Amino acid sequence: MVKANVLSKIRAFGGVNRPIYVLVGLAFLISVATLAKFNYITPLSFSGRFCNNHGSFDGDNYILGSQMRKTIESAIFKIHQEMDDLKALEANSSAPPSDSSASGSMFRHVAFLADVLSLIQSVHMELPSFEEVDHPLKQRNGDPGEHFMREEIKKYIKIKPNRLGKQNFMGANGTFTSIGHACFAMKKDLEEYMDYDVGEICNDDWRLAQKLMVHGCDPLPRRRCFSRAPQLYYKPLPINESLWKLPDNRNVRWGQYKCKNFTCLASNTTARKGFFKCTDCFNLTHHESPRWVNRGEIDPETNQTADFSIQEVLEIKPGEIRIGLDFSVGTGTFAARMRESNVTIVTATINLGAPFNEMISLRGLVPLYLTVNQRLPFFDSTLDMIHTTRFLDGWIDLILLDFVLFDWDRVLRPGGLLWIDGFFCLKEDLGDYMEAFKALRYRRHKWVVVPKKDKDDKEVFFSAVLEKPPRPFR
C-alpha cells in the first residue's frame, strides 16, 4: 500500500520539483538493489554473513557497506533539507490566503517527501553503523587502553591498521594485538610488568609474568625491552650427552629460585627446594632414568599397574606415532625417552618453583611455556599423541577439564592417542572424572584404576590409553 500511495503521488505531481522526485526515487532503488545484490538485506533485514555480533568485517564488503550507508545518509539529509526549504517557502509565500490550490500543492509536496523519507530510513535503520562497529578488543565505553596508565600498554592494545590501507596476506585490515581478559582485573601487576625503558634491559620479573599468566592475564602483552640472560652463559652440552646429564649451572638465572644450582634440585631433600610438585624430576640418574622404560609396580590387589611403558603404548599403533605433546609437570624425560624411539615430543609446562623450562631446553628438547588457561597453539587434527602426567589431577574443576579435553581432541588427529598417565583423585570423585573421559567416546586400549597407597586408601590412580575415532563430516 505504501508503494501504491507513493506512485500515485508521483503521477499527480508532474510539475514542479519533478527532478527532485526522480533523484530521490533513483537513490532509493539503487540502495535497495545494491543491498540485495550483496545479500545485506533479506529483503530488508541485515544478513549475518556480513557482520557478526562482534562487528567483524570482511574486506571489500566492509568498504561497500560503509559507502552505501554514507550514500543513504546523504539522501536523507538532502530530503530533510528540501522539506525545510519547502516549509520556509510556504511560510514566506506572497500568495493570498484564498489561493488554496498553491497551499495544497505545497503540502502534498512535503507529504510525498515524508513518505519517501520514511522508506529510506527503514532501510537505513536495518544497516549496522559501520563506522561505530568495534573490534572485540574495544569496549562500548571507549578504548580499552584507556583503562591503563602505562603508555606501553596503550600502544600495544591499540588496533594497528595496515600501512597501505588494504588487507594483508592473512585477510585482515589491521593487526589486533590481544591480552587476557583478567589483565583488566590485575591492573597494578600488569602496569608493573610493563614499566620499563624501551630498548633497555627488562626487569628480572619472570615470576610476576607467570603470576599474571596463571591468574588469567594470558596472553601477556609483548614488551619492547631485551630479556635478561645468564651473565656467563656456557655453550650447552652435545645432544648425545645433554639428555641424561645435569646442565651447567651458569646457564640459568637462579635469583628467583630457592635452590641456586642443579645439584640442590637433584638432591633427595625436598624441604629446601621451594616446590613440591615433581620434586624428584631433576634427579636424572635414579628417579628419571627408569621412567617409561619398564612397566611400573604391580598392585597386589588388582594385579595391575598404572604405569605403562613407552614400548607397549607405541606397539598399539606401530609406526604411526611421530609427533606429540606432553602436557605435564616435569623436566622433559618423557620427550627424551620418546626421542629414542624417533618420536618428537613438545613439552608444555611452567616454572613451578624451579627452572623446568630451562632444564628441558638444556637437555636438547623443546619446551612450551604454557598454562592450562590457554588454548593449545596447534591446528586441528595435527598431533599423533597427547600425554599428561602429574598435572590433571583431582584438583581440577570438571567444567575446566571438559574444555581442556575437548581442546586436546581438537588437535589430535583421527587415530591419535590420548595417554592419561597416573591421574589421581579421591575415590568418591572418580566417577565424575571418569564420565569426563568417557564423554570423548574414544576407543579404550588401556583403562586401569589402582589404589594410591600413600593416602590411607582414600585416593586412586587412573591411567588410560585412548584412541580418537574418525568422525564423519557433516
Side-chain angles (χ1 to χ4, degrees), residues 276-281 287-288 290-317 321 324-330 333-335 337-338 345 347-349 352 372 376 383-412 416-469:
F276 65 92
K277 196 78 168 177
C278 202
T279 54
D280 295 324
C281 287
H287 182 268
E288 294 293 285
R291 298 182 73 190
W292 297 293
V293 176
N294 301 309
R295 288 174 63 86
E297 183 181 353
I298 303 295
D299 176 62
E301 297 179 11
T302 61
N303 198 31
Q304 291 181 316
T305 178
D307 299 324
F308 310 137
S309 69
I310 285 176
Q311 189 62 36
E312 66 178 309
V313 172
L314 292 181
E315 286 175 355
I316 295 173
K317 309 283 285 187
I321 307 301
L325 171 70
D326 180 24
F327 206 119
S328 306
V329 178
T333 297
F334 180 79
R337 285 301 181 198
M338 292 293 276
I345 297 291
T347 305
T349 190
L352 294 170
V372 72
L376 290 179
L383 300 185
D384 299 322
M385 172 184 281
I386 293 181
H387 169 266
T388 182
T389 186
R390 294 175 172 173
F391 183 74
L392 294 184
D393 298 324
W395 63 269
I396 194 167
D397 175 77
L398 289 168
I399 298 297
L400 174 59
L401 179 61
D402 262 356
F403 278 108
V404 170
L405 291 179
F406 277 92
D407 190 37
W408 290 1
D409 172 81
R410 177 184 62 82
V411 302
L412 268 180
L417 298 181
L418 174 59
W419 184 351
I420 308 298
D421 190 356
F423 178 97
F424 68 87
C425 63
L426 295 172
K427 278 185 176 180
E428 57 263 32
D429 294 335
L430 180 62
D432 293 332
Y433 286 117
M434 286 285 197
E435 289 302 315
F437 292 109
K438 290 177 182 177
L440 295 174
R441 302 175 190 172
Y442 280 16
R443 178 185 176 186
R444 301 183 192 178
H445 289 285
K446 295 181 179 295
W447 186 277
V448 174
V449 177
V450 297
K452 191 171 184 288
K453 298 297 186 180
D454 61 340
K455 294 292 182 179
D456 300 325
D457 204 31
K458 293 181 180 180
E459 295 182 342
V460 292
F461 276 120
F462 163 66
S463 292
V465 179
L466 311 171
E467 180 181 343
K468 178 179 176 177

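These values consider heavy atoms only, across backbone and side chains, with no hydrogens, waters or symmetry-generated copies. Predicted, not measured: the structure shown is a model, and the values here were computed from it.
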How far apart are the closest heavy atoms of Leu398 and Asp432, and which atoms are they? CD1-CB, 3.8 Å
Minimum heavy-atom distance Leu401-Ala436, with the two atoms named: CD2-CB, 3.7 Å
Using the rule given for side-chain contact (heavy atoms from CB on, under 4.5 Å), can you reason through Ile310 versus Val293, listing the C-alpha separation, both sets of side-chain angles and the distance that settles it, and then say yes or no? CA-CA 6 Å; Ile310 285 176; Val293 176; over 6 Å; no
Of all residues at least two apart in sequence or in a different chain, which pass the salt bridge (charged side-chain N to carboxylate O under 4.0 Å, His left out) check with Arg295? Glu312
Under the side chain to side chain contact (heavy atoms under 4.5 Å, CB included) test, residues paired with Pro469 that sit two or more places apart: Tyr442, Arg471
Name all residues meeting the ring pair (Phe, Tyr, Trp, His ring centres under 6.0 Å) criterion together with Phe462; count only those two or more places apart in sequence or in a different chain, and write none if there are none. Phe437, Trp447
By disulfide bond (SG atoms under 2.5 Å apart) - contacts of Cys425 (at least two apart): none
Do Tyr433 and Phe423 have ring centres separated by under 6.0 Å? yes
Using salt bridge (charged side-chain N to carboxylate O under 4.0 Å, His left out) as the criterion, list what pairs up with Arg443, not counting sequence neighbours. Glu467
Is the shortest side-chain heavy-atom distance between Asn294 and Ser309 below 4.5 Å? no
Report the residues that fulfil side-chain hydrogen bond (donor to acceptor under 3.5 Å, both in side chains) with Arg291, sequence neighbours left out, ordered by chain and then residue number. Glu288
Hey, does Ile396 have a side-chain heavy atom less than 4.5 Å from the side chain of Asp393? no
Under 3.5 Å donor-acceptor, Ser328 side chain and Gly330 backbone: no
Distance col, row Lys277:NZ vs Thr349:OG1, nearest 0.5 angstrom, shows 10.5 Å
Is there a side-chain contact (heavy atoms from CB on, under 4.5 Å) between Leu440 and Leu405? Walk through the geometry before answering. CA-CA 8 Å; Leu440 295 174; Leu405 291 179; 4.2 Å; yes
What residues, two or more places apart in sequence or in another chain, satisfy side chain to side chain contact (heavy atoms under 4.5 Å, CB included) together with Val448? Gln304, Phe308, Val450
Would a 4.5 Å heavy-atom cut-off, applied to side chains only, mark Ile345 and Phe334 as touching? yes
Return the set of residues passing side chain to side chain contact (heavy atoms under 4.5 Å, CB included) with Asp397 (not counting sequence neighbours), or none when no residue passes. Ile399, Leu400
Only counting residues at least two apart or in another chain, list the ones meeting salt bridge (charged side-chain N to carboxylate O under 4.0 Å, His left out) with Asp429. none
Close side-chain approach of Val313 to Met338, heavy-atom, < 4.5 Å: no
side-chain hydrogen bond (donor to acceptor under 3.5 Å, both in side chains) partners of Asp407, counting only residues at least two apart: Arg410
So how far is it from Asp307 CG to Asp421 CG, rounded to the nearest 0.5 Å? 6.5 Å
With sequence neighbours excluded, what pairs up with Phe327 under the ring pair (Phe, Tyr, Trp, His ring centres under 6.0 Å) test? Phe391, Trp408
Please tell me if the side chains of Glu459 and Pro451 come closer than 4.5 Å, counting only heavy atoms from C-beta onward. no
Determine whether Ile420 and Leu392 satisfy the following criterion, side-chain contact (heavy atoms from CB on, under 4.5 Å), listing intermediate values before the conclusion. CA-CA 9 Å; Ile420 308 298; Leu392 294 184; 5.6 Å; no
Determine whether a donor-acceptor pair (N or O, by modelled atom type, separation under 3.5 Å) exists between the side chain of Ser463 and the backbone of Ala306. yes
Met385: which of Asp326, Leu417, Val465, Leu325 passes side chain to side chain contact (heavy atoms under 4.5 Å, CB included): Leu417
Report the C-alpha distance between Trp292 and His387 in whole Å, list the side-chain angles of each, state the deciding distance to 0.1 Å, and finish with yes or no for ring-ring contact (aromatic ring centres under 6.0 Å, His included). CA-CA 12 Å; Trp292 297 293; His387 169 266; 5.6 Å; yes
Quick one: list whatever passes side chain to side chain contact (heavy atoms under 4.5 Å, CB included) with Asp384, sequence neighbours left out. Ile321, Arg322, Ile323, Arg413
Within the distance-only criterion (no hydrogens, no angle test), does the side chain of Lys446 pair as donor or acceptor with the backbone N or O of Ala464 below 3.5 angstrom? no
Is a donor on one side and an acceptor on the other found under 3.5 Å between the side chain of Lys468 and the backbone of Asp409? yes
